[in-house]
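Read through the structure below, which is laid out as structure tokens, and then see the notes.
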There are 2 protein chains.
Amino acid sequence: MATTNIKEVAQRARVSVGTVSNVLNRPEIVSPATRERVFDAIRELGFVRNEVARHLRVGRSRTVGLIVLDVANPFFADVAQGADSLADEHDTMVVLCNSAADPARELRHLYQLEQQRVMGILITPVDAGNPRLAELAARGTPVVLVDSAATGLQCSVAVDDRLGGHIAGSHLIERGHRKILFVGGPQSIKQVADRHAGFTSAVTEAGDTEPGGGVDPGGGMGPGGGVELVAWFMPALSVANGRSAGERVAALPSGERPTAAFCANDLLALGFLQAMAARGLRVPDDMAIVGYDDIDFAAAATVPLSSVRQPRELLGRTAIDLLLEEVAEPELHRHRQVIFQPDLVVRQSSDLHRSPH
Amino acid sequence: MATTNIKEVAQRARVSVGTVSNVLNRPEIVSPATRERVFDAIRELGFVRNEVARHLRVGRSRTVGLIVLDVANPFFADVAQGADSLADEHDTMVVLCNSAADPARELRHLYQLEQQRVMGILITPVDAGNPRLAELAARGTPVVLVDSAATGLQCSVAVDDRLGGHIAGSHLIERGHRKILFVGGPQSIKQVADRHAGFTSAVTEAGDTEPGGGVDPGGGMGPGGGVELVAWFMPALSVANGRSAGERVAALPSGERPTAAFCANDLLALGFLQAMAARGLRVPDDMAIVGYDDIDFAAAATVPLSSVRQPRELLGRTAIDLLLEEVAEPELHRHRQVIFQPDLVVRQSSDLHRSPH
DNA sequence: TCATCGGCTTGAGTCGATTCAAAAAGATCA
DNA sequence: TGATCTTTTTGAATCGACTCAAGCCGATGA
């Protein structure tokens, strides 16, 4: 380890360590001649400042942790990109961590980041009610919830998932579907629960205006005159789980089979779509599909996918913005909950103009 | 900032700071009674060890930097996941950084990571010949090249890109194509150059055995009896660039238009495929397509995409492995270059059995 | 009772950069 | 030339945890 330190630089430039530090941090207070000598020494020795020591002394870090549910999901990649771009403008580094929706991994990352004394943590929590998050904040590490609304104890940026679910539901009902499947992930994930709730509410409203319509919003596949709803909660929001949900649906007798599916994210939807193709069901004729997130691949799918769009990069940027605001004035800071509106991008996968059956 | 330190813990437990440190690092040498008292104090105060101070003192960090060309590309997400999983087993943290194929961003990240005195850096360099990488290693931060072969100055893990290009080229020629387009990214990216070179070599070999075949491997669209090759190098390996290449090709008169395209990665290929659909060209009938990386979305595309598959997670795991090996015994360590073999997954996008024309 | 020994605990010194009061050097003016 | 400012530079103290030589203590054996 041939790491040069500030002391060697000082020796070489024939000044004190204090002066080298000044050159590094407030060059304007050092005389030009000295400053040049120090710069020369830095260059000759290949000196790179030890940020660890600096951090220990000043107590303030220049890195932010971002913990997401799934790095392999392009949605989060875009959120991360948004966060990174704004952080960069503030000379701050974002370290991206993957909880893979596993509470134990999430906890480990939280602990590691706290040990590192990062400036703050942006997190899409596995479980938004996790008391550890509040404890973290209390111990001095600000936390911003991303894609998940907070309850006042911390800042958050989110997209209205209930509204998104509602939009998707209304769209499918409007297109004439009367038996609709919701494909979700673990209900403990708030996004899943909210999208499902919004979706259900759309169905309920439709049932109210439906003449003689009996609605079954809860799940289960009972008979009923109005809109029938089934909900399946898969163990993860992945392509593979979407595929297995699709296969399960395709195996149903065509009379019992829903005519449309709303998937809680695009990965599920893409897997679901693959299963349809594999089982010879036509999309949207036999099965309409709406996804969520509108990742770039949604438009490039076997059948271009309708999807609820969220402002992905803006989510990331706003989260960093809230964090920087909190760090800049911890006293004055009032926690804020920012909520964006999603919108639906209709593509071929749900765009059947005639009513099915 | 209510951060408790080891001193407060010591006071509360009525022991010295040295003892608290011992409890933290070698609990077995502390008597059970004292140990318990200290653990109690830690719990009561909510003490979390300051990794920054620890790192400064012991000089060794427990984090590794991973700089990739594009976090939004699922290929790199999978590499990162592989790295993360092995690092986790060694109680080490991976911080993921995105260079976005921009040398300036890459440089900034290298600098930040060196300042943080990370244990080492895994990087998919924008320019593998960058002398900064060797300098970094010389100054004490080990570097492992990922998805890019090194020349002996450092460790590397890669997949044989020339071979991958060759496999793709042979496949298309075998399927009867005689006018083939290569869609690449910046030639400065080694993966692009190698895939192109391998691809060209496949064509050249085919030309040699072709009766009377004049081959034009370099690019340009001159006439010739054998296999004709065109190469377009787009500014980035993205879906958008693939789309614009596709539109450009679709605009050609059908006589001049290639019948097949090999794209340097799947993002390009997916964009290219979208453009074909938009312009009403059938895949694979009017245009066969082969991509590279075999990301999960390739199989889910409008027309399932043939693609050259790489062992993505294994790349990441192996990179961490090499790094840990180097860090464990810096003296004994001999740099190694690990190379994996790619293979082709044939799907519908290139699977036309009759010869085109 | 005293010397010896092993098991625990102590606390000063250290890692590298920053800070700031104080000293030194330089500039200005009478 | 000396007094008075102003501009630069200095170096000791500091951040929090780790290390290790030295000390303490109780037990054991003579």
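In this text, all values refer to a predicted model and were calculated from it rather than measured experimentally. Just so it is clear: chains get the letters A, B, ... in the order the sequence lines come, proteins before strands, and each one is counted from 1.
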A:Leu56 side chain, from C-beta outward: closest of C:dG16, D:dC18, C:dA17
C:dG16
Using only side-chain N and O atoms of A:Asn50, determine if any of them is under 4.0 Å from OP1 or OP2 of C:dA17.
no
Can you check the B:Arg37 CZ to C:dT10 C1' distance for me, whole Å?
14 Å
Between C:dT10 atom P and B:Ile29 atom CD1, what is the distance in whole Å?
12 Å
State whether the number of non-hydrogen atoms from other residues, nucleotides or ligands found under 6.0 Å of A:Arg336 atom CZ is greater than 12.
no
Short side-chain donor-acceptor distance under 3.5 Å, A:Arg317 and A:Ser85:
yes
Would you tell me if any nitrogen or oxygen in the side chain of B:Ser31 comes within less than 4.0 Å of OP1 or OP2 on C:dT9?
yes
Contacts of B:Ala53 and B:Arg35 projected onto DNA chain C by closest heavy atom; the upstream (5') one is B:Arg35
Which is true for B:Val30 with a 4.0 Å heavy-atom rule: it touches a base, it touches only sugar-phosphate, or it touches nothing?
sugar-phosphate
To the nearest 0.5 Å, what is the distance between CG on A:Asp88 and CE on A:Met93?
9.5 Å
Could you tell me which residues satisfy side chain to side chain contact (heavy atoms under 4.5 Å, CB included) with B:Ala83, sequence neighbours excluded, listed by chain and number?
B:Leu66, B:Leu122, B:Ile320
Looking at D:dA17, C:dC8, D:dC15, which one has an atom nearest to any side-chain atom of B:Thr34?
C:dC8
What's B:Thr19 touching, base or sugar-phosphate or nothing? Going by heavy atoms closer than 4.0 Å.
base
Euclidean distance, A:Ser156 OG relative to A:Gln337 CD, rounded to 0.5 Å
4.5 Å
Can you tell me the distance, in whole Å, between the CZ atom of A:Arg14 and the P atom of D:dT10?
12 Å
Quick one: B:Arg26 CZ to C:dT10 C1', roughly how many Å, whole number?
13 Å
Name the nucleic acid region contacted by B:Val52, choosing base, sugar-phosphate or nothing; use a 4.0 angstrom heavy-atom cut-off, strictly under.
nothing
With a 3.5 Å cut-off and heavy atoms only, can you find an N or O donor on one side and an acceptor on the other between the side chain of A:Arg54 and the base of C:dT18?
no
Reckon B:Asn22 touches a base, only the sugar-phosphate, or nothing at all at heavy-atom distances under 4.0 Å?
base
To the nearest Å, how far apart are A:Gln11 CD and C:dG16 P?
13 Å
Which whole-number value in Å describes the distance from B:Arg60 CZ to C:dC15 C1'?
14 Å
Hey, could you give me the CD1/OG1 distance between B:Ile67 and B:Thr124, rounded to the nearest 0.5 Å?
9.0 Å
Look at all strands and tell whether A:Val15 reaches a base, only sugar-phosphate, or nothing, counting heavy atoms closer than 4.0 Å.
sugar-phosphate
Side-chain N or O of A:Arg49 closer than 4.0 Å to phosphate OP1/OP2 of C:dT18:
yes
B:Ile6 CD1 to D:dT19 P: how many Å, rounded?
11 Å
Heavy atoms from C-beta onward define the side chain here; which of C:dT10, C:dT14, C:dT18 lies closest to that of B:Arg57?
C:dT14
Rounded to whole angstroms, how far apart are CG on B:Asn5 and P on D:dC15?
9 Å
Among C:dC15, C:dT19, C:dT9, the one nearest A:Val58 by side-chain distance:
C:dT19
